[in-house]
Structure formats: C-alpha cells, structure tokens
2 protein chains.
Amino acid sequence: MKPKITIKIIAKELGVSTSTVSKALRDSHEISIETKERIKAYADYYNYRPNNLALQLRNQKTKVIGIILPKIVHHFFSTVISGIEKVANERGYNIMVCFSNEQQQKEIETINVLTNGSVDGLIVSIAKESLRNKELNHFYNLIENEVPLVLFDRVHNSIECDSVIVDDIGAGYKATKHLINIGCKNIGIITTPEHVTVGLDRLQGYERAIKETGIKIDKNLIINVDEDEDIYSQIHKLFDEKIDAVFAVNEIYAATAIRIAKEKGMKIPEELSVVGFTDGLISKYSSPSITTVVQHGFTMGEQAADLLIDRIENDKKERTPQTKVISSNLKIRESSKS
Amino acid sequence: MKPKITIKIIAKELGVSTSTVSKALRDSHEISIETKERIKAYADYYNYRPNNLALQLRNQKTKVIGIILPKIVHHFFSTVISGIEKVANERGYNIMVCFSNEQQQKEIETINVLTNGSVDGLIVSIAKESLRNKELNHFYNLIENEVPLVLFDRVHNSIECDSVIVDDIGAGYKATKHLINIGCKNIGIITTPEHVTVGLDRLQGYERAIKETGIKIDKNLIINVDEDEDIYSQIHKLFDEKIDAVFAVNEIYAATAIRIAKEKGMKIPEELSVVGFTDGLISKYSSPSITTVVQHGFTMGEQAADLLIDRIENDKKERTPQTKVISSNLKIRESSKS
DNA sequence: TATCAACACGAAAACGTTTTCGTAGCATTT
DNA sequence: AAATGCTACGAAAACGTTTTCGTGTTGATA
C-alpha cells in the first residue's frame, strides 16, 4: 500500500503548521482566504482524505457497529444484516460482522476483540451453546461496562439491554389458529429442543390455540428435533400418528415434512396442510409453495440498528432498556388449503 | 460506555512511567521481576486490554479486511463471506462487510471510506452497474495506490489484481453433458442477459456440449431472463417447445421450471430432467430435490482471503496477479434421472 | 579509587488528527 | 500616546500504544 498523504506532509510542503492545515481544510474563519485556497488546492490535487484511525482515536468513537451472529448462511440472519446495514449506513455507521458459530468460546473472544476500541456498540444474537449452558457472564460484563448492546431474536431476559424479538408466541398461535380455521383436527408440531426459546415460545402459541378448541394436547404430536441427530428420521416419527396438519418452526423442517408426506403418498394440501416459519426462498419456490410465518428480518435489523445508535449517541440520559416486539404475519400459500 | 483502563492510568496509579508498564506487560527483560509482577497483577485485576485503535494507528495496520458485495441476502454471497471469515479468523483478521447494492456510486463511496485507514485490503465482487457502464476507475485507482485487492466471481480482466472465479464454462459444459449422458435430446437453457458474464459463460459451456453431439443449437431453447420482467412467464415460453431437459443457471430459475412442469403435468425426472446452479437450500429441500452445479462458495471465500492476506503481508516482493479458478462439480439428485 | 558493565527505569517521539490557547502584528479607538 | 481589538497563525496537548535512546544507581573489577 502506497503511503497516503497526511496533514503533516501538506504542512511541511507548504511551510505552515498542521493546525493551519487542519483548520483550512475545515474552512475555519481563523485562516485567511488565500492560505485556505492554497492549502485546499494542494490537498485536492493530492487527493487528501483524513485518516479514519486517527479520527477514531481522537474522537473516541469509531462509527462502527459490531454484529455477532451464530452463523450467516441462513436467510433470516442475512436479512437482518441487510436491515442493520441499511440504517447504519443512513446514520453514518459501518458494520463489522463476526460469527460465533454457535460456540460460546468464540462468542466471548469476539466480544473481547470488538469491544477493545473497534466498535461503538454491539448487536448480537446469542449462540446456542451460551444459552444452553446459561453462561452469560460475558453479556453481564458488557452491561457492567455500559457497552451499548442490542440483542435480537435469541435473547435472554437476565441481560438488561435493548432487544428486538419476534412475537413467537403470537406467531405460533396465528399459525396454529390458521390450521384450525381451515378445518384441521390433528395438528402436529415440529419444534426445537426446549432450551431454544424461540422454539419453546412457538410451541406455547401452538398449545394455546389448541387448548382454545377444547382439545387436549397430545404429546405424541410434538416433535422436539435434536439437530445433532438425523432430522429426517426424527420428523418421520410424527407420521406414525394420525395427522392432517403440521406446523414446523422453520423452513427446513417444513420442507422435510412435505417430502415425507409425498413419499407416503399424502396429497398436500388435501390430506395434509403444512405451515412453516421464516419466509425464505424454500417456502417461496418449493412446490407446493409453503404457507409460512414471515419474520420480517429486515425490519428487525432496522429496529436493532436504530435502538443501538440511539443508545450510542445519547450516552448521557440513561434510558431504561427497551424491547421491540416485531409481530409476524402469515403468508398463505399452496401448502395449506383455504 | 465506561472509560476503559489504559496504560496511562496504570502508570499513574502505580507511580511508574507508561514505558515501564508497556514493557512489563510484554514481559520485557528490562523490567525487574517484582515490578512486572506488581504491574501485571494490577492490570489483571482491572482487566486491562490494549486499545485496538491505538495499536492500529501505531502499527499502521488494522488487521481488518474489507468486503464489498453487491448484496448479502443470497446464498452464494453469504457462503463466500463465511469462507472469508474462517480464514481471516485463523490468520488473525476481522472482516468489515459492506454492500454496494449493485450501485456504482455506493461502491465508490464504500471503497473510499474503507481505504482511508479502516482496512488493510479489500475483497470485492463488482456491482452490476459498474460492469454494465464499464466504469472501473475506482478499481484502477486502488491498483494505482497499491491497495491489496482480490476480486471474486464478478471480475474484470482490465483490473490487474488477484482474483478467484468459477469455471463457468466448464460448469455449463458438465451440467449439459450430464443431461446428454442420461439420454436427453432436447435440452433447454434458462440463462441471464448477455452482459452478465457468468450467464454468458455457462451458456457457452452448454453450447459446446450440445455441438459435440452433432446437434445444431436451437435458439428457441435458449431463454435469456430479464430480471426486471416477470420471471415466471418468461420461463413459461420455454415449455411451448418440445423439451425433455432444462439447464437453469440458478436455483430460482430451476425451481420455477419445476413448478411449471408440474403444472403442465410433466413427471420429473421421467419426462423432464432439470439441472440447476448453486447448491443452496432450495435445491436440497425442494421435492424433487434438484441436481445442481455446486459452486463451492465457501472455498472461493477461503481462497480469496488467503490471496489477500498473502498480498497484505508480503508487501515487499511484488507477486504478479494470480487468478484462481474454482472448478465446480455436479451434485446429482432426484430431478435428473440416472 | 577510578572505571565499567549491568540493571531498571524514564523521556520522548511516533502514528494522524483536532482543538484550545497564546501571541505577534497591525489597525482602530479614546 | 496608550489602550483595545482583530486577524492569522503556531505551539502543544490529547487520544493509547510501542520503542529507541538516555541515565542514575549499584556492584564488580582493575
């Protein structure tokens, strides 16, 4: 990399002080018109641009927000990034993206690196391992040190910070209600293990909707998928039961259920209705296309970024932590009869 | 954000100089054992971590690599990021991700911001608009200023830098050849407009494979999809022709073709074989699952990161620009009979 | 006793900015 | 003629590090 031109160099070349150059470039009234012209012309000619690092050190702010995600190859997370980036950009910030790969250790290290001056604040979705272990000290430390922090989607209420979440209970309720409304009686649910709160919440919504109909919850219709094992065979078990509908808490489970149903010769949606979660490409382009709870990842990203930047820029007045609940809605497609 | 503890503070509190503290923490032999112990204990207790910005300014390097992509909500690009991040991380770098949104102006601005000290080098996939306008001065400037740069996927040979590309011609050939081998005679191709080089290359591979069989290219079997128009109806026209196979240059075109075939009552793969491109979730989870050219985005990311970091760290010895061609391979699934 | 080396530490510069304060020179007012 | 004000600029500190060079003290050696 070629050395870039600096204020110092300009100052030396033009026989003035760095203060004069700095002021001239910022169009200070303290500097005479002629001197300003001379300096600006020189700076322009050599395409001077102030060095970010120096500014950041001087101003004690980086105008960068750090994002830590469990993974990125995932429609929802990349959508959220997109939303964050949009707002960040509009408000003059850049983003630095890191991944925990669902591992607690990497989450801790990443937080450490980023908070040593590289960023002004963090937006995080917590790694599964941290949630499972309930080892959240690294987050408590952030709060302790008053690092601006926004959690989204995977949150924990023991961490006192702004957060953006989906109304997962409501979403589970809506999805199940839709199935009930179109006449389904035996609705299976494919969800996550219990320590993943989003899965748990969606299950709660499901149970509420079922109970409202007066039917008792049938434990056999609830599948908790362990992602370390084979997904296909776990979901397959659900088809041993008599079911006419499936609510899956993500796209992949929904697609897998559809595959199994087809293999069993069940017609969709005539014999089996399916509702998924996350409006990704699978739901849209598979055939039949899948009715799905749309999660508004982009909006979540936008809101998270706004919360964070507000927090960063209003360091003075302590605002109590705020939680934004993004309500989701159902996009009805071919996989659930209407 | 609480003020963090600095070397200065430690020095003042312990009544020594900053040099002593710095040396002690780096375990210099110049400092007596007792003093070192004392300083380390203090630093440890207050959880001292050196400030990144200061280090970056001092060392004149950031250990950050900038990534500029046309968009992120796209399986291929997020996979590439993942690969870059892996290598970057292993080699002690962080990544700063920005998007051009396919717009030349934003590409230029982003490059400007990032190269003013924020990053040690750039990995870029060029925005469509820049390619279409052939306005690449911002890249020539980077080369001029010897900014370490690696282009991937969307490249241009007038820019003299390292690059990582897919062997699109070979991939198109392989895909078509596979269809020929399983007995297909009338193979349609759904590709992009001609200014998108990847689509053009894949078409070339297709044509080569067809010509090898002695069959003449039938222009009616070539669909150039204009993304500004309705994709479905454009692809639908292909089905007016007599076809027994389709090669689509991306997942979405492939899924759309399958949908149309199903609507027309064609059995897959018995009456129509389909091959897609990009091994994303759609191909894997739709039913039938789609035979596809896997693009190895992760590998591309890894290679790009390695090239860039090599370039950054060997600033001395000028290496001539290198191009890595990542060969793709076919993953055969249900949509093409075997 | 004078010389020298080793030890243990500090001062200062450097990275590139911005900003506060000081001041020399000149013009205006009383 | 003295006091005041303005213009136009420079010096220096600050942000947090690292590193080079210098130096005072001690102990050993000649």
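In what follows, chains carry the letters A, B, and so on, assigned in the order in which the sequence lines appear, proteins first and then strands, with residues in each chain numbered from 1.
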(request) In whole angstrom, give the distance that lies between atom NE2 of B/H29 and atom P of C/dC7. (result) 8 Å
(request) Give me the residues of residues 49-61 of chain B where at least one heavy atom lies under 4.0 Å from an atom of DNA chain C, by number, or none. (result) B/L57, B/R58, B/Q60
(request) Rounded to the nearest angstrom, tell me the gap between atom NZ in A/K8 and atom P in D/dA12. (result) 14 Å
(message) Checking B/F77 now: which residues fulfil ring-ring contact (aromatic ring centres under 6.0 Å, His included) with it, not counting sequence neighbours?
(response) B/H74
(message) More than 12 heavy atoms of other residues, nucleotides or ligands under 6.0 Å from NZ of B/K106: yes or no?
(response) yes
(message) So, using side chain to side chain contact (heavy atoms under 4.5 Å, CB included) as the criterion, who are the partners of B/Q322 when residues are at least two apart?
(response) B/D162, B/L307, B/R319, B/K324
(request) With sequence neighbours left out, write down each residue that passes side-chain hydrogen bond (donor to acceptor under 3.5 Å, both in side chains) with A/S100, or none if nothing qualifies. (result) none
(message) Going by ring-ring contact (aromatic ring centres under 6.0 Å, His included), name the residues that satisfy it together with A/Y42, two or more places apart in sequence or in a different chain.
(response) A/Y46
(request) Calculate the interatomic distance between A/R26 atom CZ and C/dG16 atom P; express it in whole Å. (result) 18 Å
(request) Identify, residue by residue, the members of residues 32-47 of chain B with a heavy atom below 4.0 Å from DNA chain C, and return them in order of residue number, or none. (result) B/S32, B/T35
(message) Let me spell it out: for each of B/T18 and B/I31, pick the nucleotide of DNA chain C with the closest heavy atom. Which residue's pick is nearer the 5' end?
(response) B/I31
(request) Would you mind reading off the distance between A/D27 atom CG and C/dT18 atom P, rounded to a whole angstrom? (result) 13 Å
Please list each protein N or O that sits under 3.5 Å from an N or O in nucleotides 20-28 of chain C, with the distance.
unit_1	atom_1	unit_2	atom_2	d
C/dT20	O4	A/K23	NZ	3.3

(request) Grab the CG-C1' distance between A/N116 and D/dT17 for me, whole Å please. (result) 13 Å
(request) May I have the distance from A/K12 (atom NZ) to C/dT17 (atom C1'), rounded to whole angstrom? (result) 17 Å
(request) Identify the heavy atoms of B/I31 and B/A24 that sit nearest to each other, and give their distance. (result) CG1-N, 4.0 Å
(message) Distance check needed: C/dG16 P versus A/L25 CG, whole Å only.
(response) 15 Å
(request) State whether the side chain of B/K36 and the backbone N or O of B/S28 hold a donor-acceptor pair below 3.5 Å, judged by distance alone. (result) yes
(message) Can you see whether A/K4 engages B/N116 through a side-chain donor-acceptor pair at a distance of less than 3.5 angstrom?
(response) yes
(request) To the nearest 10°, let me know how far the axis at one end of the helix from C/dT1-D/dA30 to C/dT30-D/dA1 is tilted from the axis at the other, five pairs an end. (result) 80°
(message) Checking B/T20 now: which residues fulfil side-chain hydrogen bond (donor to acceptor under 3.5 Å, both in side chains) with it, not counting sequence neighbours?
(response) B/S17
(message) Looking at B/S22, I'd like to know whether one of its side-chain N or O atoms comes within less than 4.0 Å of OP1 or OP2 on D/dT18.
(response) yes
(message) Applying side chain to side chain donor-acceptor pair (under 3.5 Å) as the test, list every pair that has at least one member in residues 47-60 of chain A; sequence neighbours left out.
(response) A/N47-A/R49, A/N52-B/S118
(request) Output every pair passing salt bridge (Lys or Arg N to Asp or Glu O under 4.0 Å) with a member in residues 132-143 of chain A, not counting sequence neighbours, ordered by first then second residue. (result) none
(request) For B/D44, enumerate each residue passing the salt bridge (Lys or Arg N to Asp or Glu O under 4.0 Å) test, keeping only those at least two apart in sequence or located in another chain. (result) none
(request) Take the protein atom CD1 of B/I10 and the nucleotide atom P of D/dT18, then report the distance between them rounded to whole Å. (result) 11 Å
(request) Check the pair B/R91 / B/D310 against salt bridge (charged side-chain N to carboxylate O under 4.0 Å, His left out), numbers first and verdict last. (result) CA-CA 10 Å; B/R91 299 184 67 170; B/D310 287 349; 3.0 Å; yes
(request) Flag the pair A/R38 / A/E34 as yes when at least one side-chain heavy-atom distance between them is below 4.5 Å, and no otherwise. (result) no
